[in-house]
Asker: 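Below: one structure in structure tokens.
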Amino acid sequence: MTNREVAQILVRIADILGIKDENPFRIRAYRNAAEVIYRLEENINDLHRLDRIGDIPGIGKAIKASIKEMMDRGSCEYYDQLLNEVPEGVLQMLSIPGLGHKTVRVIYENLGIKSLEELLKAARANEIQKLPGLGAKTENNIIKGIEMLAQNAGQATLGIASPAAERLKNYLLEVDAVSAVSVVGSLRRGKPLVNDIDILVEARDFLAVYDHVNNYPGAISVNRIQPDLISGQLTYQIDFEIIMVEPEDFYPYLVWTTGGKEHREIIFENIDIKNLRGMNNEEQVYEKLGYQYIPPELRENTGEIEASRTGEMPFLIEKRHIKGDLHMHSPWSDGGTEIEELREAAREMKYDYIAITDHSKSLTISGGLNEERLSAQGLVIDALNRQCQDFTIFKGIEVDILKEGQLDFADEVLASLDIVVASIHSYFNLDREEQTERILRAIRNKYVNIIGHLTGRLLNRRPGYEVDIDRILMAAHKHQVALEINSHPDRLDIDAELARRAREYGVKIAINSDAHHKQDLELIKYGIINGRRGWLGPDDIINTWDKDRLLQFLNKK
DNA sequence: GCCGTTTTCGGCCCGACTGTTTTCAGTCG
């Protein structure tokens with residue numbers, strides 16, 4: 001079992017205990033243990049072998065015993081027992097926004113409802129509003145919530161799909177008869193939510209590939225649909241398809257299977273793909289088809305074909321262009337890695353600078369900084385900066401944008417910082433006009449440099465709030481405020497479409513990790529993909545700039 | 001359930017909104 005899978009079971013135990021209304025501190029102990037294991041750098045299997053699971057902070061006697069059981073047989077007695085009391089379908093109700101453990105418990109105990117389908121039926125039959133403490137609004141909310149979940153059903157974020165695809169890819173490369181493997185389809189194009197994982201395999205022996213895949217430990221099911229096509233499902237209910245081709249067919253099929261449907265239909269119009277055999281790379285395939293090479297992220301038929309014909313392909317951002325990360329958290333608020341260690345991790349990524357942007361005081365749950373602690377943190381950062389001359393830690397804040405658009409700190413406080421990221425963490429349901437005005441007011445503040453996760457969307461969980469994008473882009477340009485591409489795979493906010501519009505307005509972008517742990521710094525790769533999908537180049541992105549140019553941008557006024 | 005002790009049990013992030021009530025419980029960040 002992977003760390004992630006162990007953590008997932010612990011979370012589910014916590015969820016069931018919540019529905020059972022157990023001691024909240026006990027529940028938190030399980031959640032905490034899950035979090036610790038999820039973040040753990042060591043592989044939990046290795047620790048198990050060395051009998052060192054008990055050394056992990058937050059893991060005591062009871063949880064250690066459960067984890068050991070999971071290592072040995074994939075589950076544990078305690079969890080199995082709990083699942084008997086509270087079935088899977090009841091746990092799924094927790095993913096409906098606004099429904100927590102108490103409400104789910106009321107529904108389950110009073111109506112005996114065990115699945116989302118049954119719940120939807122009951123809500124539509126107005127059974128829910130008859131329950132104690134629940135009313136028509138909650139009932140309506142349940143219907144809307146289930147419909148939203150159904151809409152995204154089976155869609156996986158890049159954070160889930162991408163590592164799963166990489167693992168499968170590496171597994172396929174173990175086969176002797178396999179000479180090349182590439183992830184293709186919407187995942188290669190970097191769509192934030194994908195229906196499945198598609199993989200193209202270059203092989204001399206298709207049957208050998210099938211035999212190997214059949215033994216893949218990460219697969220729940222494997223079927224051979226056609227001689228050259230395997231389909232199945234991986235853990236986390238992600239469907240996959242493996243397309244096998246002979247070596248001389250690899251590159252034309254790489255282009256064929258990567259592009260979106262419309263893109264493919266246009267560039268392969270009146271072409272027999274068999275005539276393209278023997279190509280050595282994708283560039284050659286595009287050339288043969290009469291086009292300049294088009295990067296995978298752009299193959300959506302949103303103007304890239306015209307640009308390719310006229311030789312006007314954009315120069316896109318790449319990982320190597322990134323010189324720093326301008327949004328991350330330390331243990332001063334809700335981060336898990338000390339500032340010094342964040343610096344070391346950033347240096348390993350070849351960055352020149354980072355900004356520490358902890359939460360501000362109104363976000364109490366996240367340990368938001370007040371003025372005193374912020375200035376104390378500044379002294380620590382000054383001391384760290386004195387230690388090394390070739391790397392800069394910027395003093396920053398992720399300041400809360402309050403209800404009316406005021407900021408959580410006075411201007412004098414913001415003025416003392418190198419960088420100010422302003423974000424919304426409350427009042428998500430203001431109407432479009434109010435929300436827009438609120439953000440505009442923050443943009444007009446002369447110390448604000450970046451608006452963090454602009455729309456507040458959470459993929460698969462919550463749509464972004466309604467705002468008047470054009471007014472915001474105009475203001476951002478006028479007041480020299482950058483918009484963030486938040487790289488967390490659950491956010492990717494702003495999205496590619498918006499990023500592309502921002503560019504047209506001349507608005508600059510910051511691609512940030514919003515890391516809460518040093519491992520999260522790597523999430524920036526998803527933000528970069530998102531930026532590429534938004535046709536952005538290094539010049540559009542302020543954290544590809546060297547320190548002097550960046551400082552010039554930050555010191556507007 | 002875990003931790004950290006003043007070694008054997010008490011303490012363990014909070015504040016505001018929403019929808020249900022008719023004074024507050026549940027959810028969320």
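Note on naming: letters A, B, ... go to the chains in the order of the sequence lines (proteins, then strands), and numbering restarts at 1 for each one.
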Asker: Mind checking the P distance from B:dT5 to B:dC12? Whole angstroms is fine.
Answerer: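 My reading of the P atoms in B:dT5 and B:dC12 gives 15 Å.
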Asker: In whole angstrom, give me the gap between the C1' atoms of B:dT7 and B:dC2.
Answerer: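 The same atom, C1', in both gives a distance of 16 Å.
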Asker: Scan every strand shown for a Watson-Crick or G-U wobble partner of B:dC28, both distances under 3.5 Å, and answer none if you come up empty.
Answerer: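 Paired with B:dG15.
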Asker: Closer than 3.5 angstrom, by distance alone: can the side chain of A:Asn385 be matched with the main-chain N or O of A:Ile393 as a donor-acceptor pair?
Answerer: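 Yes, the answer is positive, given that a donor and an acceptor are paired below the 3.5 Å cut-off.
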Asker: Within the side chain of A:Arg343, is there an N or O that forms a donor-acceptor pair under 3.5 Å with the backbone of A:Leu384?
Answerer: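 Between the backbone of A:Leu384 and the side chain of A:Arg343 there is a qualifying donor-acceptor contact (under 3.5 Å).
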Asker: Give A:Ile59 one of three labels, base, sugar-phosphate or nothing, depending on what nucleic acid heavy atoms sit under 4.0 Å from its own.
Answerer: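 If one applies the 4.0 Å heavy-atom cut-off, A:Ile59 turns out to touch the sugar-phosphate alone, with no base involved.
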Asker: Ignoring hydrogens and angles, tell me if any N or O in the side chain of A:Asn543 forms a donor-acceptor pair with the backbone of A:Leu550 under 3.5 Å.
Answerer: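 No, because the side chain of A:Asn543 does not come within donor-acceptor range (under 3.5 Å) of the backbone of A:Leu550.
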Asker: Under 4.0 Å from a heavy atom of chain A: give me the 5'-most and 3'-most nucleotides of DNA chain B that qualify.
Answerer: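 Boundary nucleotides touching chain A, in 5' to 3' order, are B:dG1 to B:dG29.
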Asker: Under the rule syn = chi within 90° of 0, otherwise anti, which is B:dT21?
Answerer: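 This nucleotide is in anti.
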Asker: Go nucleotide by nucleotide along DNA chain B from the 5' end; which of A:Leu131 and A:Thr364 gets its closest nucleotide reached first?
Answerer: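 Counting from the 5' end, the first nearest nucleotide belongs to A:Thr364.
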Asker: Could you check whether A:His488 and A:His453 have their ring centres less than 6.0 Å apart?
Answerer: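 So the answer is no for these two rings.
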Asker: Would you indicate what A:Asn23 reaches in the nucleic acid, counting non-hydrogen atoms under 4.0 angstrom: base, sugar-phosphate, or nothing?
Answerer: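 Answer is base: heavy atoms of A:Asn23 come under 4.0 Å of a base.
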Asker: Under the rule syn = chi within 90° of 0, otherwise anti, which is B:dT18?
Answerer: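 Anti, since the glycosidic angle lies more than 90° from 0.
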Asker: Is A:Arg462 touching bases, backbone alone, or none of the nucleic acid, heavy atoms closer than 4.0 Å?
Answerer: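 Contact class for A:Arg462: sugar-phosphate only.
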Asker: Decide whether a cation-pi geometry holds between A:Arg438 and A:Tyr427; the criteria are a distance under 6.0 Å from NZ or CZ to the six-membered ring centre and an angle within 45° of the ring axis.
Answerer: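 Because its charged atom misses either the 6.0 Å distance or the 45° angle limit, A:Arg438 does not stack over A:Tyr427.
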Asker: Main chain of A:Asp493, side chain of A:Arg457: is a donor-acceptor contact present, judged purely on distance under 3.5 Å?
Answerer: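 Absent.
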Asker: Taking side chain as C-beta onward, heavy atoms only, is A:Leu417 less than 4.5 Å from A:Tyr447?
Answerer: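 No; the side chains remain at least 4.5 Å from each other.
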Asker: Quick one, A:Thr357 and A:Ile450 - any side-chain contact, counting heavy atoms below 4.5 Å?
Answerer: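 SC-SC contact between A:Thr357 and A:Ile450 ruled out.
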Asker: Nearest-nucleotide wise, let me know which of A:Thr103 and A:Leu134 is further upstream toward the 5' end of DNA chain B.
Answerer: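 Mapping each residue to its closest nucleotide by heavy atoms, the 5'-most match is A:Leu134.
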Asker: For a quick check of understanding: with a heavy-atom distance under 4.0 Å over all strands, which category does A:Ile365 fall into, base, sugar-phosphate or nothing?
Answerer: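 Answer is base: heavy atoms of A:Ile365 come under 4.0 Å of a base.
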Asker: Check every strand shown and say whether A:Asn140 touches a base, only sugar-phosphate, or nothing at a heavy-atom separation below 4.0 Å.
Answerer: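 Counting heavy atoms under 4.0 Å across all strands, no contact is made by A:Asn140.
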Asker: Does anything in residues 86-98 of chain A reach DNA chain B, meaning a heavy atom under 4.0 Å, and if so which residues?
Answerer: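 Residues of residues 86-98 of chain A under 4.0 Å from DNA chain B: A:Pro97, A:Gly98.
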Asker: Contact class for A:Gly135 (heavy atom, under 4.0 Å): base, sugar-phosphate, or nothing?
Answerer: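 Sugar-phosphate contact only.
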Asker: Pick base, sugar-phosphate or nothing for A:Ala136, based on heavy-atom distances below 4.0 Å to the nucleic acid.
Answerer: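 Touches sugar-phosphate only.
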Asker: Please confirm whether the ring centroid of A:His329 lies under 6.0 Å from the ring centroid of A:His327.
Answerer: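 Yes, ring centres under 6.0 Å apart.
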